[in-house]
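What follows is a single structure, written as structure tokens, with notes after it.
Reminder, nothing fancy here: chain letters follow the sequence lines and each chain counts from 1. For the numbers below, each heavy atom of this structure counts, side chains included, while hydrogens, waters and symmetry mates do not.
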Amino acid sequence: MIGSMGAAEMLARQAPQAAAESYLAVDNLSKIYVADEGTVRALDRVSLEQKRGEFVSIVGPSGCGKSTLLMIAAGLTSASDGEIRVNGKRIVGPRTDVGIVFQNHVLLDWRTAIENVMLQAEARKLDREAAEVRARELLNAVGLAGFENKYPKSLSGGMKQRVSICRALIHNPPHLLMDEPFGALDALTRDQLVLDLQKICSERSMTILFITHSIAEAVFLSDRVIVMTPRPGKIDRIIDIDLPRPRTLAMRDSSKFVEYSREILDIFLARGVLHEN
Amino acid sequence: MANGVTTVSLEQIEEKVKQQKTALRRSERRAELIYPVLVAAALLLLWEAVSRFFGVPEYLFPTPSAIIATTVNNWALLLTETWITTVEILLGYFASILIGVPLALAIFHWPVFAKSIYPLLISTQAMPKVAVAPLLVVWFGFGLMPKVLIAFLIAFFPIVINTVVGLSSLEREKIHLAQSMGLSRFDTFRLIRLPHALPSLFAGLKISITLAVVGAVVGEFVGGDGGLGYQLMVANGAMDTPLLFAGIVVLTLLGLVLFWMVEAAERWAMPYQDRITGMGISS
């Protein structure tokens, strides 16, 4: 996928300090929105690094700028200050070496499930037959066998989001960006999709940046969890999750898992995101 | 039921529910057809009875039977006039599509163009088309041209507005998706923006076809030598009220048929779409 469509992603300047191992580097990133009632400080000098093959979650309450950070990382929104580098190259336009899963499924009503997945392949001029085989495999892997030719209107919310995950994976992107992908789903569907996602990740080498407001989801899936607090959006702590893989639902009750969750919860309590009384 | 003597399998229950559902759907479909027809027939009968009972003179309010008789007796004349009017309507309508859609694309793509053309566009719409009809007759005579022009003028505005609305209503996330897939501006338009705009475009096309009928008839009123509108004027002048009514009936049917054709085109272009049948919007 690197060839034809990389035009937008231009190399502005080589960043000399980029560490060899680091895949994504976010450097002193700030974002200020100008609204009618004044300015909104969405991101306040955020810096983080992601290694190749690493699963990093950003967890935080609504309005902490985590989605903005993801959009900037995708090159879809511009930063007010600071920069983002991928493989040492500064990002100045929309990246095409990514698969994005949005909060909403963003499926096209006039395309069936498989046609929606194939949109990505068509856009990238991939070999049609090979892509279609892959699309079927992916849909099968997320439990959508038999629904390939259904239009989005006859799929449930969870099914639509599964289709959109397949669409983000069909071109084997080196970087998968997920923006609260399970936010709108019920608890059981979420659990299943989290398990599906873990399985899919284990089968291929992918670097994943995952945005969520669910502490459990973040701890369950990640190698590292980045905790953000709002107004202005800031990184509060970065926590390494040292749990064996594959992770199981039962592990959520293990003392280590509970400890990690508690640590994140304590940050939110200390910063006034949550208050008990 | 709890006595356990007759246990029904779930498959049997499923079969039963399915049958009930099909029966219900069938009766609903029947009702959709039967009730409007019954109501229409009842109204016509009432009209007939009242007219006869009170002896309403034919030049004031003819009975349905008289109108039907006149329609049948004059079918050759009515058919010829219908053909003339249909040609005017369709020429005006296609002109409004051929000019309206590209104009909408231009308005969407060049904001500066949009800003400069919009006030003009609104003005042409605010101006009553009936008022310019005599002027068009002065310029283009009594032939086909002024009728087509009026039909065009009246029909093209909804097409432009609805197409622009459809094109610009694309969600930001779909644009982001297209960008992340490396789609060119043209491919984004072709694969995402245009199909997204189709429902709105067809809404405009459906409004416009009924307006085109109005436009052509207005053109014939003002200065015509043929067509259903002209025939209405002639019948009116001759106090031939049954023929006047017959003309109205034929015009209504023509409008319905044209509307259905646009709807059929819509179904063909968007087979995936759930739609509410748009008869309500037609007037």
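- A distance of 13.0 Å separates OG of B/S180 from NE2 of A/H175, quoted to the nearest 0.5 Å.
- Interface remark: of the candidates B/E171, B/Q179, B/E173, B/E173 forms the most heavy-atom pairs closer than 4.5 Å to chain A.
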Original post:
After noting the C-alpha distance and the side-chain angles of A/D109 and B/H196, does the key distance pass the side-chain contact (heavy atoms from CB on, under 4.5 Å) rule?
Top reply: CA-CA 8 Å; A/D109 300 336; B/H196 174 87; over 6 Å; no

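- Residue B/K174 holds its NZ atom at 9.5 Å from CG of A/N104, rounded to the nearest 0.5 Å.
- Counting heavy atoms from C-beta outward, A/L119 and B/L191 have side chains that approach closer than 4.5 Å.
- Annotation: B/R172, atom CZ; neighbour count of heavy atoms from other residues, nucleotides and ligands within 6.0 Å does not exceed 12.
- The local environment of CD in A/E203 is crowded, with over 12 non-hydrogen atoms from other residues, nucleotides or ligands closer than 6.0 Å.
- A 6.0 Å sphere centred on CE of B/M127 holds more than 12 heavy atoms belonging to other residues, nucleotides or ligands.
- Looking at B/I192, both its backbone and its side chain come within 4.5 Å of chain A, counting heavy atoms on both sides.
- Within the 4.5 Å cutoff, no side-chain heavy atoms of A/I100 are placed close to those of B/M181.
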**OP:** May I have the step-by-step check of side-chain contact (heavy atoms from CB on, under 4.5 Å) for B/H176 and A/F102, ending in yes or no?
**Re:** CA-CA 10 Å; B/H176 281 164; A/F102 296 89; 3.9 Å; yes

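- Residue A/K150 qualifies as open at atom NZ: its count of foreign heavy atoms under 6.0 Å is 12 or below.
- Note that the CG atom of B/D187 and the NZ atom of A/K125 stand 5.0 Å from one another [nearest 0.5 Å].
- For A/D179, no part sits under 4.5 Å from any heavy atom of chain B, backbone or side chain.
- Considering CG of B/L177 and CZ of A/R167, their distance stands at 4.5 Å, rounded to 0.5 Å.
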